[in-house]
Amino acid sequence: MTITSPQLGSSDAWTDARLLYALEEVVEKELNRHLKVAKDWMPHEYVPFSDGRNFPGQFDDGQAWEPEQSKVTDIGKIALVVNLLTEDNLPSYHHEIASLFGRDGAWGTWVHRWTAEEGRHGIVMRDYLLTSRAVDPDKLEQFRMAHMAEGFESDNRHSMLHSVAYVAFQELATRVSHRNTGHQSGDPVCDRMLARIATDENLHMVFYRNLLGAAFEIAPDLTMQSVRDVVVNFRMPGHGMPGFERAAAQMAIGEIYNMRIHHDDVLQPVLRYLKVLDIDGLGPEGLKAQEELGLYMNGLDAEASKFDEKLAARKARMAARAAS
């Protein structure tokens with residue numbers, strides 16, 4: 001992309017409005033690519049409705065929920081609830097990105113398409129959880145109400161570039177979390193459903209990752225600073241839900257999402273694909289951000305190695321107890 005206004009080479013000249021305009025062509029290109037490769041799918045085709053039974057309430061034949069009614073593993077249940085509650089906040093996410101990216105042109109078309117695709121995820125996951133009786137339906141609804149009533153404000157709502165950088169990583173993080181949950185669920189039906197969702201999330205990641213690459217071309221210093229800030233301060237959008245810290249710790253031990261996975265399967269793939277740590281020609285602020293990003297990644301890798309050692313020791317203890 002050629003920038004015809006020479007004054008826009010200065011970081012100070014890049015307002016959100018100018019960035020939105022400069023990236024419009026890229027958004028249109030990526031939107032068209034996405035629409036060609038994305039496949040529509042029907043949520044109801046992934047739910048075993050024939051396994052469903054009435055719950056107590058308006059039906060005389062309702063059967064109360066019991067934990068043993070589901071074949072899903074304990075860690076699978078925990079992760080499914082976290083993943084679903086995250087998806088439930090879609091109205092807030094839509095508001096955030098529509099406010100930042102706008103509702104007109106290619107940006108607006110993408111915002112609405114993304115929202116429609118994400119809506120399927122919450123539909124199919126809730127139908128699966130209730131039909132398979134994987135979780136207590138009353139508690140699930142109570143959690144949903146509490147989580148959504150709290151509202152949601154993005155950590156990156158102050159900056160369009162920060163928001164693009166964040167979703168490039170977050171969409172991949174969500175894909176990885178869904179995929180690993182499916183693998184650990186103990187139910188092939190659940191695994192197939194979450195694999196289908198993960199495919200969507202991966203396509204969303206590609207859209208934002210390619211957009212982030214274009215931002216590096218036109219505003220490298222600002223984009224580098226945004227990536228640095230997002231990576232160093234990254235947290236998942238569901239961090240405000242009830243019991244999130246405990247659930248996240250259990251998911252870390254259960255190898256659904258932890259520091260090692262975050263480093264190896266989320267941050268590194270995006271940074272490596274865009275060659276973020278190898279970009280040259282940066283100004284002082286961009287170079288400083290690049291160096292700080294590299295140092296942070298090295299530190300995170302070291303912390304992840306410590307976690308790996310603790311997890312291996314825990315597995316060894318559990319294996320020894322099981323053998324005794």
Side-chain angles (χ1 to χ4, degrees), residues 26 30 34 79 82-83 86 154-156 159 161-184 194-195 197-217 219-239 248-249 251-282 286-312:
V26 181
E30 290 302 317
H34 177 84
V82 170
N83 292 351
T86 300
S154 169
D155 294 334
N156 303 288
S159 161
L161 268 184
H162 281 75
S163 297
V164 169
Y166 175 75
V167 288
F169 295 106
Q170 183 267 321
E171 292 283 5
L172 183 52
T174 304
R175 174 207 179 273
V176 169
S177 181
H178 282 312
R179 202 69 193 94
N180 288 342
T181 299
H183 291 329
Q184 301 278 13
L194 291 177
I197 293 174
T199 298
D200 282 359
E201 303 291 8
N202 197 63
L203 290 177
H204 297 164
M205 178 278 294
V206 171
F207 178 95
Y208 288 118
R209 182 197 65 191
N210 292 351
L211 190 58
L212 186 61
F216 267 116
E217 292 183 11
D221 289 312
L222 275 181
T223 305
M224 186 66 72
Q225 293 172 70
S226 298
V227 169
R228 184 267 321 273
D229 294 345
V230 163
V231 169
V232 170
N233 299 298
F234 186 90
R235 56 180 182 168
M236 292 294 276
H239 59 80
M251 290 168 67
I253 294 171
E255 297 182 88
I256 288 176
Y257 201 95
N258 54 40
M259 278 192 289
R260 174 53 63 199
I261 293 170
H262 184 59
H263 178 277
D264 290 0
D265 299 338
V266 176
L267 298 181
Q268 281 285 33
V270 175
L271 295 176
R272 187 165 50 241
Y273 183 89
L274 297 176
K275 298 181 173 61
V276 173
L277 296 178
D278 298 321
I279 293 174
D280 53 18
L282 296 167
L287 185 60
K288 177 184 176 185
Q290 187 181 49
E291 292 173 347
E292 291 175 349
L293 178 61
L295 289 172
Y296 176 82
M297 291 299 294
N298 290 337
L300 181 62
D301 187 36
E303 287 298 313
S305 294
K306 293 178 183 177
F307 175 84
D308 291 341
E309 293 172 3
K310 292 179 181 179
L311 187 60

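The line from CG of L212 to CZ of F207 is 12.0 Å long, rounded to the nearest 0.5 Å. Atom-to-atom distance recorded for Y296:OH and D301:CG is 11.5 Å, nearest 0.5 angstrom. Atoms CG and OG, on L222 and S159 in that order, are 8.0 Å from each other to the nearest 0.5 Å. In this structure, CD1 in I253 is found 6.5 Å from CZ in F307, a value given to the nearest 0.5 Å. Distance check: K310 NZ to D308 CG gives 11.5 Å after rounding to the nearest 0.5 Å. Atom CG in L287 sits 10.0 Å away from atom CD in E292 (nearest 0.5 Å).
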Check residues 265-279 and write down every donor-acceptor pair under 3.5 Å in which the side-chain atom is one partner and the other belongs to a residue at least two apart or another chain.
none

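The two residues F234 and A173 have their closest heavy-atom pair at CZ-CB, 4.3 Å. Of all non-hydrogen atoms in E30 and V206, the two that sit nearest each other are OE1-O, 4.4 Å. In plain terms, the two heavy atoms of P237 and T86 that are nearest each other are CG-CG2, 3.8 Å. Across all non-hydrogen atoms, the minimal contact from G182 to L194 is N-CD1, 3.4 Å. The heavy-atom pair separating P220 from L282 by the smallest distance is CB-CD2, 3.8 Å. Closest non-hydrogen pair, V176 versus I261, comes out as CG1-CG2, 3.5 Å.
Two residues are said to be in side-chain contact when any heavy atoms from C-beta on lie closer than 4.5 Å; L311 and R260 fail this criterion. Considering only heavy atoms from C-beta on, H178 stays 4.5 Å or farther from T181 through its side chain.
Remark: the backbone N or O of G254 is paired with a side-chain donor or acceptor of Q184 at under 3.5 angstrom. A distance-only check finds a donor-acceptor pair linking the side chain of Y166 to the backbone of R235 [under 3.5 Å]. Using a distance-only test at 3.5 Å, with no hydrogens or angles considered, no donor-acceptor pair links the side chain of Q290 to the main chain of G286.
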request  = Please lay out, stage by stage, how Y208 and F169 fare under the test ring pair (Phe, Tyr, Trp, His ring centres under 6.0 Å).
outcome  = CA-CA 9 Å; Y208 288 118; F169 295 106; over 10 Å; no

query = Given L300 and H262, is the side chain to side chain contact (heavy atoms under 4.5 Å, CB included) satisfied, shown in steps?
reply = CA-CA 9 Å; L300 181 62; H262 184 59; 4.0 Å; yes

request  = In sequence, state the C-alpha distance, the side-chain angles, and the governing distance for E201 and M205, and then conclude on side chain to side chain contact (heavy atoms under 4.5 Å, CB included).
outcome  = CA-CA 6 Å; E201 303 291 8; M205 178 278 294; over 6 Å; no

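Using cut-offs of 30° and 60° for the angle between ring planes, the H34 and H204 rings count as tilted.
The salt bridge (Lys or Arg N to Asp or Glu O under 4.0 Å) test applied to R179 returns D191, not counting sequence neighbours. Applying the side-chain contact (heavy atoms from CB on, under 4.5 Å) rule to E303 yields the partners M259, K306; only residues at least two apart in sequence or on another chain are considered.
For the side chain to side chain contact (heavy atoms under 4.5 Å, CB included) with M251, the qualifying choice from V82, N258, N180 is V82, the only one to do so.
With 3.5 Å as the limit, one finds a donor-acceptor pair spanning the side chains of T174 and Q170. T199 and R175 share no side-chain donor-acceptor pair at under 3.5 Å.
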